[in-house]
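Sequence lines set the chain letters: A, B, ... in the order given, protein chains first and strands last, and positions in each chain run from 1. Predicted model only: the values in this text are computed from it and were never measured.
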Amino acid sequence: MSTLVIDTIQGRASANSINVRGEGSNNTNLQQGLAKHFTIFRGKDTFAAIDGFNQSSIADVSTGLHRTSFTSSFGSINYSVTGSVVGSTTGGYYAFIASDGGNKLTSSVDTLTINSPGNSAVYDMDVVQLVSHGDLA
Amino acid sequence: MSTIVGTNIEVTNLKYDSDTTSMIISNAGQVTIQGEGNATTNLQQGLAKTWGTVVAQATVDSFNNSSDTDVSAGQFVHNFTNNFTAANYVSAASCGAAGGIRTFANTNWYESSHYTTALSRTGTYDEAGSAYRDTSFSVARFGDLA
């Protein structure tokens, strides 16, 4: 058989778990490896979403504090969120992104962009990028 | 044909219809997928091969993570179940900022023993206090499995 015409693929033993051959001889898991959410937005000047996946909304909560809400929520708050910011030519050259340490929900995550070095002040950055991995609900 | 239920299907192309190919499977098992536009991408290369969330110096959720080593303040090692083929994989990490403590993460350590095919160390650094400091963090890694 060379061609299969289908709409949906799901696991047989477990509908939500499909093994995929890796680059070498080991296998990996399709569902676990997929990014479940990503976003890129402007946090400085005119706050705006640029692009996203599984993102229902983003909110400019306060200076340097942004809330990203998901269309499909995670199964727990233990999902992984990594991100980075793009340095500005006018300030915040050494800024980095962190979770705010508290408001991480299955349906949304808050992140802070922080200016470094030294003063640790929250600081609006343009552009902010996040990727989330974990188990969907 | 609406549903095929089986354990093994040997096939090269998966299509929506005769004109629309969604996936092409190579003889090495690599899967080329139609992207959102005209270009194609590679399924295996796009998957995170390991990820983890660490809270209070313990991994609370993870994928392809066999064990942890809490080395010292602000230094934490993830050991992999299935190793990478070479120590040139991508590791991206971000950390928490609870209680006004501003920390950032370094990962893929400069010392080769801390960044191998089998493990990766992540450091969380209090930039105001100029020292490694324990905090929650997330990490995801991309590259070629062995």
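- Only the backbone of V139(B) has a heavy atom closer than 4.5 Å to any heavy atom of chain A.
- Between Q30(B) and G22(A), the shortest heavy-atom distance links the atoms NE2-O, 2.9 Å.
- Only the side chain of L43(B) comes within contact range of chain A, judged by heavy atoms closer than 4.5 Å.
- Between the side chain of Q34(B) and the backbone N or O of G37(B) there is at least one donor-acceptor pair closer than 3.5 Å.
- For residues 58-69 of chain B, heavy-atom neighbours of chain A at less than 4.5 Å comprise V60(B), D61(B), S62(B), F63(B), sorted by residue number.
- Only the backbone of A93(B) comes within contact range of chain A, with at least one heavy atom under 4.5 Å from a heavy atom of that chain.
- For the residue pair L34(A) and H133(A), the shortest heavy atom distance occurs at O-CD2, 3.6 Å.
- For S69(A) (side chain) and S108(A) (main-chain N/O), no donor-acceptor pair under 3.5 Å exists by modelled atom type.
- The aromatic rings of H66(A) and F47(A) lie parallel to each other, with less than 30° between the two planes, well short of the 60° mark.
- Aromatic pair F80(B)/H78(B): ring centres not closer than 6.0 Å.
- Interface summary for chain A: among G143(B), A48(B), A92(B), A140(B), the most heavy-atom pairs under 4.5 angstrom belong to A48(B).
- Distance alone, capped at 3.5 Å, places no donor-acceptor pair between the D124(A) side chain and the T63(A) backbone.
- F137(B) does not touch chain A: none of its heavy atoms, backbone or side chain, sits under 4.5 Å away.
- Contact between R141(B) and F84(B) at its shortest, heavy atoms only, is CB-CZ, 4.0 Å.
- Residues E23(A) and Q45(B) have side chains that bring a donor and an acceptor to within less than 3.5 angstrom of each other.
- The candidate from V131(A), N29(A), L130(A) with the greatest count of non-hydrogen atom pairs under 4.5 Å with chain B is N29(A).
- Neither the backbone nor the side chain of N42(B) comes within less than 4.5 Å of any heavy atom of chain A.
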